[in-house]
Structure formats: C-alpha cells, structure tokens
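Hydrogens, waters and symmetry mates are skipped; everything else that's a heavy atom, side chains included, is used. Counting begins at 1 with the first residue of the sequence.
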Amino acid sequence: RPPAKPQDDALLARWALDGTVDGGGTYRGTNAPVFADARLGRALTFDGASHAELGTSAAFDRTNAMTLAVWVKLQGDGAILSRMEKAPGYRGFDLMVADRRLQAHLSHAWPDDALKVRSREQFPQNQWLHVIVSYDGSGKASGVKLHVNGRARELEVEKDQLRESMATAEPLRLGSRNGEAFFTGQVDDVRLYGRVLPASEAVALTWEGYLPILAKSRGTRSDEERAD
C-alpha cells in the first residue's frame with residue numbers, strides 16, 4: 001500500500017517545471033528551454049551550457065534546518081541546484097554530481113570553513129532518481145543526510161567544519177553554479193523545505209513519482225517505465 005501523502009509543513013518553495021520555469025524564474029541558454037516527459041509531468045533539460053535562475057526567496061543560513069528535494073535524470077556532471085558565490089570562497093550551498101556520485105557543499109569560505117559530503121555509491125545515468133538532501137543546522141557534516149529513491153544512502157565526509165554564515169545574495173540556480181559547473185541532464189519538481197524531512201516523507205515523495213506508472217497497465221507503460 002502506498003505511504004501517506006507527503007506533508008507540506010514548512011514547504012518554502014516549489015517549482016513544478018511543467019513546461020515553464022515557474023515562480024518568476026528565468027531560463028538562460030542559447031536556445032529556448034526544452035521540456036521532456038518526467039515522473040511528475042514535465043522536466044527541464046540542461047545541455048551543459050544552460051541554467052535557470054529562480055530568485056532569492058529560498059534563503060538558508062548555517063543554523064537553519066533545510067531539505068532540498070528534486071527529481072533528476074543524470075547525463076553528465078555539474079551542479080543540479082545551487083545558491084553559491086564564485087571562487088575563491090564559494091559561499092552558499094549546492095547539490096552536485098561528479099563521477100555519478102552525488103555531493104553537497106555548504107560553505108562560508110572554501111575550503112577551511114565548509115562542509116562537503118558525497119555518496120559512496122555511483123548512481124545510474126538516464127534513469128529518474130528522486131534525490132533528497134537535508135541539513136539540520138548543526139554546522140557538522142553528520143547533520144547532512146542523503147536519500148535517493150526513498151532510501152538513506154551512505155556518505156563520505158570530505159570537509160567537516162562550518163563555523164560562520166553561508167548566507168548569500170546569489171539567486172537559486174538550476175543546472176549550474178555561478179558561471180561554472182554546468183549540468184547535463186533533466187530536472188523536475190524542485191522543493192525546498194525549512195525543516196529536515198523524516199525518512200517516511202522521503203519515501204512518500206518518491207512514491208508520488210511512481211503512482212502514475214502504477215496506475216497504467218503494463219502494456220501501456222513505456223520501456224523506461226517498465227524498467228523502473
């Protein structure tokens with residue numbers, strides 16, 4: 001039986017990306033934005049040279065609990081989501097992929113005042129993944145958790161000391177950092193919460209993306225849906 005519907009408590013922002021960069025966002029690329037079929041409606045495609053800016057409403061600092069939730073299809077490296085300044089300090093936070101491993105940075109001044117964790121396992125490309133990264137406001141890497149497709153994943157800690165503020169005036173971006181780390185793949189249904197989501201809600205959010213597939217008969221599902 002499917003889990004209970006996810007709670008919207010402390011849901012600060014959500015971008016469905018169903019054919020438009022909603023919420024007043026702006027797409028920046030050489031060509032018009034491309035949207036593709038996804039788990040929940042449509043997804044925005046990133047070609048390794050484009051990104052979207054979603055404004056500055058999602059403001060988090062070192063002592064704030066938060067959760068980032070997103071459906072993503074990996075096709076290359078780069079920043080899936082970021083709100084981060086340029087080098088050398090890289091002040092802010094991000095969710096990235098490198099060598100098919102997910103990683104998160106929370107930084108005041110890289111590398112001496114920052115957190116960095118990455119997944120021990122590599123994740124497949126060209127498959128939809130539901131990714132949740134949460135942070136409990138402790139300033140410690142142990143306060144960062146990763147769930148993929150509703151399951152907690154083991155993390156490797158590379159930096160473990162965030163003492164000062166990570167607040168920044170940079171906008172929230174999809175598909176890049178500020179002028180670098182451009183992502184190749186697809187992104188859908190981005191949600192930002194002002195709390196740490198429990199494991200039960202990580203499962204519930206993942207189930208939302210599978211319910212439309214389960215509602216179809218096997219003969220009407222696409223090859224990708226049958227594989228999942």
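Checked by atom type, the side-chain pair Gln122/Asp99 shows a donor-acceptor distance below 3.5 Å. The closest side-chain donor-acceptor pair between Ser165 and Asp61 falls under 3.5 angstrom. A donor-acceptor pair shorter than 3.5 Å can be found between the side chains of Tyr90 and Glu180.
In this pair, Trp110 and His105 present their aromatic rings perpendicular. The plane angle is above 60°, beyond the 30 to 60° band.
Asp22 places a side-chain N or O within donor-acceptor distance of the main-chain N or O of Ala16, the cut-off being under 3.5 Å.
Placement of Trp128 and Leu17 in two distinct hydrophobic clusters is found when ILVMFWY residues are connected by side-chain heavy-atom separations under 4.5 Å, directly or transitively.
Taking a cutoff of 4.0 Å between a charged side-chain nitrogen and a carboxylate oxygen, Arg42 and Asp37 qualify as a salt bridge. The residues Arg120 and Glu156 are annotated as salt-bridged, a charged nitrogen and a carboxylate oxygen being separated by less than 4.0 angstrom.
Residues satisfying the salt bridge (Lys or Arg N to Asp or Glu O under 4.0 Å) test with Glu164, not counting sequence neighbours, are none.
Sorted by first then second residue, the ring pair (Phe, Tyr, Trp, His ring centres under 6.0 Å) pairs that include residues 28-64, not counting sequence neighbours, are Phe60-Phe93.
Summarising the geometry of Ala141 relative to Val157, their closest heavy-atom pair is CB-CG1, 3.6 Å, with the distance given to 0.1 Å. Residues Arg101 and Glu121 share a closest heavy-atom pair of CG-O, 3.5 Å.
Looking at heavy atoms from C-beta onward, Leu115 lies in side-chain contact with Tyr135 at the 4.5 angstrom threshold.
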Pair Val117, Leu146 - check side chain to side chain contact (heavy atoms under 4.5 Å, CB included), show working. CA-CA 9 Å; Val117 298; Leu146 172 69; over 6 Å; no
